[in-house]
Amino acid sequence: MTHRTFHPATTLPTPGVPLIIELASGETIEGTRPNHVLNRNSDPDWRDMKGNRLTAEEIVRWAIK
């Protein structure tokens, strides 16, 4: 089993890196953050591997896949 270091969603990962994302529901999915935050007033862009946008409120923590 691989040991992964999880980070809080408030700490943003490098864009484009494949991630394991833990959702508030307890579900774990694969995803990414494809772009840098353009301004501090907008939500970070989180996506699942199919390209569907996730809201920042859904995401609890993440780890590099």
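None of the values given here were measured: they were computed from a predicted structure.
The salt bridge (charged side-chain N to carboxylate O under 4.0 Å, His left out) test applied to Glu58 returns no partner, not counting sequence neighbours.
The cluster map of Ile, Leu, Val, Met, Phe, Trp and Tyr, joined by side-chain heavy atoms under 4.5 Å apart, puts Val60 and Val17 in different clusters. Residues Ile59 and Ile64 share a single hydrophobic cluster, defined by chaining ILVMFWY side chains whose heavy atoms lie under 4.5 Å apart.
The two residues Leu19 and Pro13 have their closest heavy-atom pair at CD1-CG, 3.6 Å.
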Checklist entry - Do Arg33 and Arg47 pass the side-chain contact (heavy atoms from CB on, under 4.5 Å) test, and can you show the C-alpha distance, the side-chain angles, and the key distance before you say yes or no? => result CA-CA 6 Å; Arg33 195 174 67 84; Arg47 305 279 174 147; over 6 Å; no
Next on the checklist: Determine whether Trp46 and Leu12 satisfy the following criterion, side-chain contact (heavy atoms from CB on, under 4.5 Å), listing intermediate values before the conclusion.
Outcome noted: CA-CA 10 Å; Trp46 297 89; Leu12 298 176; 3.7 Å; yes
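Taking a cutoff of 4.0 Å between a charged side-chain nitrogen and a carboxylate oxygen, Arg53 and Asp45 qualify as a salt bridge.
When side chains are defined from C-beta on, Ile21 counts as touching Leu54, because their heavy atoms get closer than 4.5 Å.
Applying the side-chain hydrogen bond (donor to acceptor under 3.5 Å, both in side chains) definition to pairs two or more places apart or across chains, those involving residues 4-25 are Glu22-Arg61.
Rounded to the nearest 0.5 Å, atoms CD1 (Ile29) and CG (Leu23) are 4.5 Å apart.
Within the hydrophobic cluster formed by Ile, Leu, Val, Met, Phe, Trp and Tyr side chains joined at under 4.5 Å, directly or through other members, Ile20 is accompanied by Phe6.
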